Amino acid sequence: MYSFSLKQLTWLAVPFALIACSPQAPAPAETPLSEHTRVLTPTIDQHSFANSNQVHTPHLHLSLQVDFNQKKLTGYAEYDLSFRDARATEVVFDTEQLNIYGVEQHIHGDWHDTTFALGQRDPILGTPLTVRVTAGAEKVRIHYSSSPQATGLDWVDPVGTAGGQYPFLYSQSQPHYARTWIPIQDTPTERLTFTGELYTPPYLIGLMGANNPPNPERTGYYEFRSEQPIPSYLMAIAVGDLDFYALNDRMAIYAEPSVLADAVAEFAYTTDMMAVTESLFGPFAWDRYDQLVLPPSFPFGGMENPQLAFLTPTVIAGDQSLVSLIAHELAHSWSGNLVTNATWRDLWLNEGFTSYVENRIMEAVYGEERALMERMLDAQSLLVSLPNLTERQQVLHIELEQRDPDTAFTSIPYIKAQLFLFFLEERFGRERFDPFVRQYFADYSFATITTAEFVEYLQANLLALEPNLVSIAEVEEWLYSPGLPESAPTPEVAAFDRVAAAQERWFAGENIDISNWSIHERAYFLSQLPDDVSQQDLARMDAEFELTNTRNNAILSQWLVIAIQHNYQPALPRVRDMLTSMGRLAFIRPVYAALAATPEGLELAREIYTEAEPSYHVLTRDQIEVILKLRER
């Protein structure tokens, strides 16, 4: 087979990590490793005001009224208190644009008003809320409402939904936006259990990232319980016109009625993915795994909220070609949700392990060749992105200081970290590496971990078993140096060699049959087009491959960039249609960037953005306005 070197690849790829059943891999042996070293040390989170090192809040009860007219949540957050410092007299919470009406403390069996103070607002961290507590206080209850401008909430008007009749609400708490809709110790360093109750319009379904009762009735009142402790960034809420379909007794799909059938057809293999992941990396540790299809304004592919994964409708292509995203969100049930990065400097521990497990799932369910193609495309997207990142941004254990933690979400913690784990797998072999990963998930379950702690665990439980296979110096190069080490693994993918040969024949005038090509092969074909491709060839390609009218949004995004760059007029009306019908950044951002590359295109892009802006999530607006030079970075 043809071996593609990461250093040789220069074509633009679709980053699948950021978007027929083969024989199942055998389950790893249950024999424990010779020694398991678990290191847990106190962690300071630079992105939270919380004083959880003094007073921890291990349980939350949340009671909220959902008001679509005023676009705000109103109610209270009630916390159990756990004093780590008996001398502490205050609890500090993170907030952002919350209206605090009053605070009570529960002491000696009764509720009493207590004093509170809002500190000076920081543009990144928000505003600290300091609550006075007396010795023996058991709980605090904070009465508040959110702001219509809350970054962590998207209030979608009916026109922005699939049904077009009812509004929709969903949250996005990662990385530090839970504080925009809950006063909370908003740090991944800590975990909490929670119960919740939502009061909603009676014609809508209310859900949270918890053990949702299957197929809930529309009553306007919903109760929730999450007995597994989670970090704050996994707090989630959704309210909308939703139907329910059970995949089995612990897995279901929620979606708007007009979307549900297509979603069920697209996500049918989630049950197989679950079985594969449990066989490889240990039992699923949560009560349920439900999936919720959000409106098209959702800016990301998915969000791994425990027991209720959020998914973009743009992944519904009709042929399961984009379901690596489904595998990615499921994989988070082990890496991220179960074992969590202690701070956003350690994000690679969440996303790198998840991207690795995702690819292992895809290999087991869809075959080795598809998994290798996805690995290769991911690696190429990393190479394309590296020149646009500073050296500091290219480091896995990134130094964030007081920068916005959102800036850590580049291809580095996803793909470079995935390559690091495949590097370890190739050196040690799956017979050693799979039990290590399985035991890692078991040893750090429902805990947080720093990069330093991981290195110590890796050294004790893997490197020391075969000291000559990987040196600590090689590990440190991966974690603390910019760029890619020379040791980066290079998958062999024969399919792309066949595509290159077919493309050569196609440009010679021969008709080629691409009916059995995967999305990865189509993406490769498009990425290999010559710079001087003619209008005639673009028209022929469009007609034969049905590019302008494709349902696959990943291919459409790639094709529209090509059409804009070559001024291919027949495809340009689809540009406006696409940009005004979805808000997924991975797909619309490159299209806006292609438009903005010329003065005429920039003018058109701004015109389209004016039309689309009301339907975009605030995080989408922030990034697109930078591309369109409507705001500074």
Side-chain angles (χ1 to χ4, degrees), residues 9 11-19 259 262-263 265-267 269 293-294 296-303 311-329 355 358-359 362 366 369-385 411 414-415 418 493 495-496 499 514-529 541-542 545-565 571 574-575 577-595 620 623-624:
L9 294 171
W11 45 274
L12 182 61
V14 179
F16 284 86
L18 303 175
I19 53 181
V259 175
D262 287 342
E266 201 78 9
F267 307 156
Y269 276 106
V293 181
L294 294 179
S297 62
F298 186 49
F300 308 114
M303 182 60 209
L311 301 171
T312 171
T314 64
V315 77
I316 301 174
D319 57 5
Q320 298 188 2
S321 59
L322 299 177
V323 295
S324 59
L325 182 143
I326 307 303
H328 186 91
E329 303 311 326
S355 297
E358 167 204 326
N359 195 260
M362 295 301 294
Y366 291 96
E369 185 172 72
R370 174 164 176 174
L372 285 172
M373 285 192 286
E374 291 184 359
R375 278 179 60 188
M376 183 172 166
L377 289 167
D378 284 346
Q380 177 52 29
S381 71
L382 172 63
L383 288 179
V384 170
S385 70
S411 56
Y414 291 80
I415 304 171
Q418 180 200 56
V493 188
F496 288 153
V499 172
I514 67 165
S515 58
N516 293 322
W517 279 13
S518 68
I519 180 181
H520 318 90
E521 292 164 296
R522 294 168 189 250
Y524 181 82
F525 184 99
L526 292 177
S527 67
Q528 291 291 82
L529 294 179
M541 194 182 311
D542 192 8
F545 301 168
E546 298 182 340
L547 294 170
T548 299
N549 296 320
T550 180
R551 284 186 60 191
N552 189 298
N553 289 294
I555 292 296
L556 177 63
S557 176
Q558 190 178 10
W559 168 245
L560 292 182
V561 169
I562 293 169
I564 293 167
Q565 291 172 339
R574 189 76 195 274
V575 172
D577 293 341
M578 177 199 183
L579 296 179
T580 57
S581 64
M582 74 170 73
R584 186 177 175 185
L585 279 164
F587 293 157
I588 70 171
R589 187 170 44 203
V591 177
Y592 271 114
L595 285 172
T620 304
Q623 293 200 29
I624 300 305

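Every value quoted in this text rests on a predicted model; they were computed, and no experiment measured them.
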Side chains of [X] and [Y], heavy atoms from C-beta outward: is any pair under 4.5 Å?
| X | Y | answer |
| --- | --- | --- |
| Val591 | Val561 | yes |
| Phe298 | Met303 | yes |
| Tyr414 | His328 | yes |
| Arg584 | Pro296 | no |
| Gln418 | Leu382 | no |
| Leu556 | Phe587 | no |
| Phe525 | Ile514 | no |
| Leu547 | Leu526 | yes |

Can you tell me how far apart [atom1] ([X]) and [atom2] ([Y]) are? Round to the nearest 0.5 Å.
| X | Y | atom1 | atom2 | value |
| --- | --- | --- | --- | --- |
| Ile519 | Thr550 | CD1 | OG1 | 8.0 Å |
| Phe300 | Leu325 | CZ | CG | 12.5 Å |
| Arg522 | Asn552 | CZ | CG | 8.5 Å |
| Arg551 | Ile316 | CZ | CD1 | 8.0 Å |
| Phe267 | Leu311 | CZ | CG | 5.0 Å |
| Trp559 | Arg574 | CH2 | CZ | 12.5 Å |

Work out which heavy atom in [X] is nearest to a heavy atom in [Y]; give both atom names and the distance.
| X | Y | answer |
| --- | --- | --- |
| Gln320 | Ala265 | NE2-O, 3.3 Å |
| Met373 | Val493 | CG-CG1, 3.3 Å |
| Ser324 | Glu374 | CB-OE1, 3.4 Å |
| Thr312 | Val315 | O-CG1, 3.2 Å |
| Ala263 | Val293 | CB-CG2, 3.9 Å |

Matching residue for Ile588 among Leu560, Ile624, Thr580 - test: side chain to side chain contact (heavy atoms under 4.5 Å, CB included): Ile624
Check whether [X] reaches the backbone of [Y] with its side chain - one donor and one acceptor, N or O, closer than 3.5 Å.
| X | Y | answer |
| --- | --- | --- |
| Ser557 | Ala554 | no |
| Thr620 | Gly583 | yes |
| Asp378 | Ile415 | no |
| Gln558 | Ala523 | yes |
| Asn359 | Ala371 | yes |
| Glu521 | Ser518 | yes |
| Glu266 | Val323 | no |
| Glu358 | Ile326 | no |

Side-chain donor-acceptor contact under 3.5 Å, Ser385 with Ser411: yes
Ring geometry between Tyr524 and Phe496 (parallel below 30°, tilted from 30 to 60°, perpendicular above 60°): parallel
Full working for side chain to side chain donor-acceptor pair (under 3.5 Å) between Asp319 and Ser321: CA-CA 5 Å; Asp319 57 5; Ser321 59; 2.6 Å; yes
